[in-house]
Number of protein chains: 2
Amino acid sequence: MSNQFGDRIKLLREESQLLQRQVASQLDMDTSMLSKIESGDRKAKKNQITQFAKVLKVNADELLTLWLADQLIEVVEGEYLALKAILVAEEEVKYNAKKKK
Amino acid sequence: MSNQFGDRIKLLREESQLLQRQVASQLDMDTSMLSKIESGDRKAKKNQITQFAKVLKVNADELLTLWLADQLIEVVEGEYLALKAILVAEEEVKYNAKKKK
DNA sequence: TATTGACTTGACAGTTATTGTCAAATGTAT
DNA sequence: ATACATTTGACAATAACTGTCAAGTCAATA
């Protein structure tokens, strides 16, 4: 399963030489929870993304994008129509963006 | 909210001059359920898509694509990073498709 | 304007999925 | 072996979803 968010925060944490314990405590979570988030077993709550960004000193948009992408992939994973569905969704999003203006 | 699947099956049903009651009975569901599916209030189960296709005499792939697209849109709805996330997911899907070969 | 039939809606209990937490297991370096 | 970091499995608590029922609206017709 795809886990771009988890992979990214794990890499960032390691680059910052932080222990799970240190990151977890700042986000007020158990290390076991952080471990699961890093491995993709559980997903972070949306409101934790900002905190991750702060602790790991990275742009929150980058993390949010990966977090959303993981969920998109989860929806279409294993579907042979995955790409087609994504293109349909993309059109819809573009259309809505235009309409909003 | 986006409801491409529901809109489509409703249109197909009307074009076929079928009543909700008639379609619903063939799929072994309550008309209230069908009404909600058509309006996007509830979503069809995946295994019902084939049945819809059969009753409405349309390609199942088309319906499955819309059904998946609805769920994709649900994930990114209201997110200003929606498009970016979709592009990231798209790349991932393409990459996985290539890897599989 | 009463009746009929098609469709919609709201509320509910039953079921399923997700959540955080704990304890135990595993890994890793000293 | 010890100490510390990380992972894993299981569990109860909670949240989300499901189908169904009854009551509701709506449109056409007698």
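Chain letters run A, B, ... following the sequence lines, proteins first, then strands; residues in each count from 1.
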Next on the checklist: Just so I know, are the side chains of Lys94(B) and Glu90(B) near enough to count as touching, which here means a heavy-atom distance under 4.5 Å?
Outcome noted: yes

Item to check | Pairwise ring-ring contact (aromatic ring centres under 6.0 Å, His included) hits with a residue in residues 29-52 of chain A, at least two apart | outcome: Phe5(A)-Phe52(A)

Checklist entry - Tell me, which of residues 63-79 of chain B have any heavy atom that sits under 4.0 Å from an atom in DNA chain D? => result none

Checklist entry - By salt bridge (Lys or Arg N to Asp or Glu O under 4.0 Å), which residues pair with Glu92(A), not counting sequence neighbours? => result none

Checklist outcome for this item: Heavy-atom closest pair (Ala69(B) atom, Ala85(A) atom, distance to 0.1 Å) is CB-O, 3.8 Å

Checklist entry - When all nucleic acid strands are considered with a 4.0 Å heavy-atom cut-off, which category describes Lys36(A): base, sugar-phosphate, or nothing? => result base

Checklist outcome for this item: Lys43(A) meets the side-chain hydrogen bond (donor to acceptor under 3.5 Å, both in side chains) criterion, sequence neighbours left out, with Gln71(A)

Next on the checklist: Going by the rule salt bridge (Lys or Arg N to Asp or Glu O under 4.0 Å), which residues pair with Glu14(B) if we only count those two or more places apart in sequence or in a different chain?
Outcome noted: none

Checklist entry - Which residue pairs pass the side-chain hydrogen bond (donor to acceptor under 3.5 Å, both in side chains) test with at least one member in residues 57-70 of chain A, sequence neighbours excluded? => result Ser2(A)-Asp70(A), Arg8(A)-Glu62(A), Asp61(A)-Tyr80(B)

Item to check | Opening and closing nucleotides of DNA chain D in contact with chain A, under 4.0 Å to non-hydrogen atoms | outcome: dA5(D) to dA10(D)

Checklist entry - Quick one: does Ile73(A)'s side chain get under 4.5 Å of Gln4(A)'s, heavy atoms only? => result yes

Next on the checklist: Going by salt bridge (Lys or Arg N to Asp or Glu O under 4.0 Å), name the residues that satisfy it together with Glu79(A), two or more places apart in sequence or in a different chain.
Outcome noted: Lys46(B)

Checklist outcome for this item: The side chain to side chain contact (heavy atoms under 4.5 Å, CB included) partners of Asp7(A) (sequence neighbours excluded) come to Asn3(A)

Item to check | Start and end of the DNA chain C segment that chain A contacts, any atom under 4.0 Å from a heavy atom | outcome: dT19(C) to dC22(C)

Item to check | Side chains of Leu18(A) and Val55(A) in contact at under 4.5 Å (non-hydrogen atoms) | outcome: yes

Checklist outcome for this item: salt bridge (Lys or Arg N to Asp or Glu O under 4.0 Å) filter on Arg42(B), not counting sequence neighbours, yields none

Next on the checklist: Does anything in residues 8-32 of chain B come within less than 4.0 Å of DNA chain D? Heavy atoms only, and list the residues if so.
Outcome noted: Asp30(B), Ser32(B)

